[in-house]
J.: 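Dropping a structure here in structure tokens format, bear with me for questions.
Below, read A as the first sequence line, B as the second, and so on, with proteins coming before strands; counting in each chain starts at 1. Note that the coordinates shown come from a computational prediction; the quantities given were computed from them, not determined experimentally.
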Amino acid sequence: MNIIVNPINNKLNKMKNILLVFLLILGSVSGFSQTVKNSCNWNETVKKKCKNDLKPFHYYAFKITKITFSGTSQFKEVEVPLFHDAEYRFVFNTEGLHQNVKIEIYDKPASYENRTKIYSGTSSERHFVFDPPKSSTHNRIYIDYIIPANSSAKSGVIDKGCVIFYSGFKH
Amino acid sequence: MNRKHTLILSIALGSTVMWSCGSEPGTEQKNIEDNQEAVIEDVAVEMEDDDESDFIIPSALQIHTIFKSSGLSYIDGITNSPENTSKYLSKFEKLLNFGVYSADMFYCVLNDQTQLSTQYLKSIRTLSDETGMSGIFNSGSILERFESNIGNKDSVISIMLEFQEKTDILIAENNEEHTAMVIFTGAWIEGMYIGLDAARNSENEMLRERLVEQMTILPNLIKGLKIQPNRSEQTDELQAKVIALSDYFNSIEGLKGNDEYSYDVSVLENEHYMEFYKQVAALRTNITKSNM
């Protein structure tokens, strides 16, 4: 009798092992996944608002800067080339950010100690227009995004968002 | 069995339970309420693919506007023939020549060459269809409005600006910034080729200064070529030539100022402009001939 039962028990045990290993893998994979909340808000309404605020400047450039908040603070710098004898307008839309980001504009990149700050604001303004003064627009301008550490980093939520940048020029 | 299996089962269930607690549904709900546009999705955690460039790609139309206002006149036959459109085979060639034809179209529009500019717009539409960017022309009937407004320069320029904006937005929406860099590289090289051809044969200092100003874009072109995925020999060859041009520009004694972007154009002699032209013309020939 024992000779007959043991092979059946062995098969059952093997199946149980396979099932448990499967559950273990499933549990582990689930343990590594988190919720991503992407607040990036780029739609027709935002587009219309930006285009409208660009007037009377001609379209120059467009950029979506994506931000993923993390447990540590971050810094992003975007270089904007500007050309001789033109005036520029920058339109920022930060409705796609769930957490507050500092926005600063400089005449030189962060690697320069003696750079001049041209603008300072925060994403809490949601939508704003800035016309860089001609005197400070020598070839380039630098937009710095100072991103704080994610306040909900420990809760398993990855918070993503973006800044919409529209710019115009006129001669 | 049972102690070992109970332990394994506990770990598996524990992982699941821990995950369930970590997701904090209450927090999610609040966030959704705060922003109706928010998208909630469960995905595996991965590092941010932060491959976006850290610079803004300037407007090729503005570059041509600057050249035009600096005295660049129309040179018959200098642009790339629209008949070459069908000769470009790889996606890289098509994108580069999408840029070349954009620059040619802007140049023609600004110089009242309406017939030719329409042909360039058609070439661009063909290349956009072949590179997955037909969306630029799908809405707003750009080509039809362009043709019906020929003769009204302001309207045509306005349509050109709309074309550029749609291209930029489509590319950004599809996370294709590297594509934008290839298109801009083609447009920049064609614009510089036309400008330098005029500058080497004249003493137009204003145009020469504007051309030198454009040379400061080179580091960004190089960065843009370096981030190209699916690299080929064509990419490497083009990148090497752009680096060579940048190295030559940086090697000119007394040209560079106190910081990265200031320069003293008074040190430049005719021979320098001839060398700029020679290198840019070689780059341009490489791009516009078929099978780079």
J.: Just how far is it from atom NZ of B/Lys166 to atom OH of A/Tyr59, taken to the nearest 0.5 Å?
T.: 12.5 Å

J.: Any chance you could measure A/Thr65, atom OG1, to B/Asp54, atom CG, to the nearest 0.5 Å?
T.: 10.0 Å

J.: Over all heavy atoms of both residues, which pair between A/Arg140 and B/Thr216 is shortest? Give the atoms and the distance, please.
T.: NH2-O, 2.6 Å

J.: Of all heavy-atom pairs between A/Tyr60 and B/Ser59, which one has the smallest distance, and what is that distance?
T.: O-CB, 3.3 Å

J.: Surrounding NZ of A/Lys47 (heavy atoms of other residues, nucleotides or ligands, distance under 6.0 Å), is the total greater than 12?
T.: yes

J.: Is B/Ile217 close to chain A through its backbone or its side chain, or both, or neither, when contacts mean heavy atoms under 4.5 Å?
T.: both

J.: Which distance, rounded to the nearest 0.5 Å, do you find between the NE2 of A/His58 and the CD of B/Gln164?
T.: 12.5 Å

J.: Please round to the nearest 0.5 Å and tell me the distance separating atom CD1 of A/Ile64 and atom CD1 of B/Ile171.
T.: 12.0 Å

J.: Quick one: which of B/Leu61, B/Ile63, B/Leu161 has the most heavy-atom pairs under 4.5 Å with chain A, could you say?
T.: B/Leu161

J.: Tell me whether B/Lys223 at atom NZ has more than 12 heavy atoms from other residues, nucleotides or ligands lying less than 6.0 Å away.
T.: yes

J.: Measuring heavy-atom distances to chain A, does B/Glu209 have an atom under 4.5 Å in its side chain, in its backbone, in both, or in neither?
T.: neither

J.: Without placing hydrogens or testing angles, list every side-chain donor-acceptor pair under 3.5 Å for residues 162-170 of chain A, not counting sequence neighbours.
T.:
from, atom 1, to, atom 2, distance (Å)
A/Tyr166, OH, B/Glu165, OE2, 2.4
A/Ser167, OG, A/Ala61, N, 3.3
A/Ser167, OG, A/Ala61, O, 3.4

J.: Do A/Phe83 and B/Thr65 have side chains that get closer than 4.5 Å, going by heavy atoms?
T.: no

J.: In Å and rounded to the nearest 0.5 Å, what is the CD1 to CG distance from B/Ile56 to A/Leu82?
T.: 10.0 Å

J.: Find the distance between CD (B/Glu177) and NZ (A/Lys63) and round it off to the nearest 0.5 Å.
T.: 3.5 Å

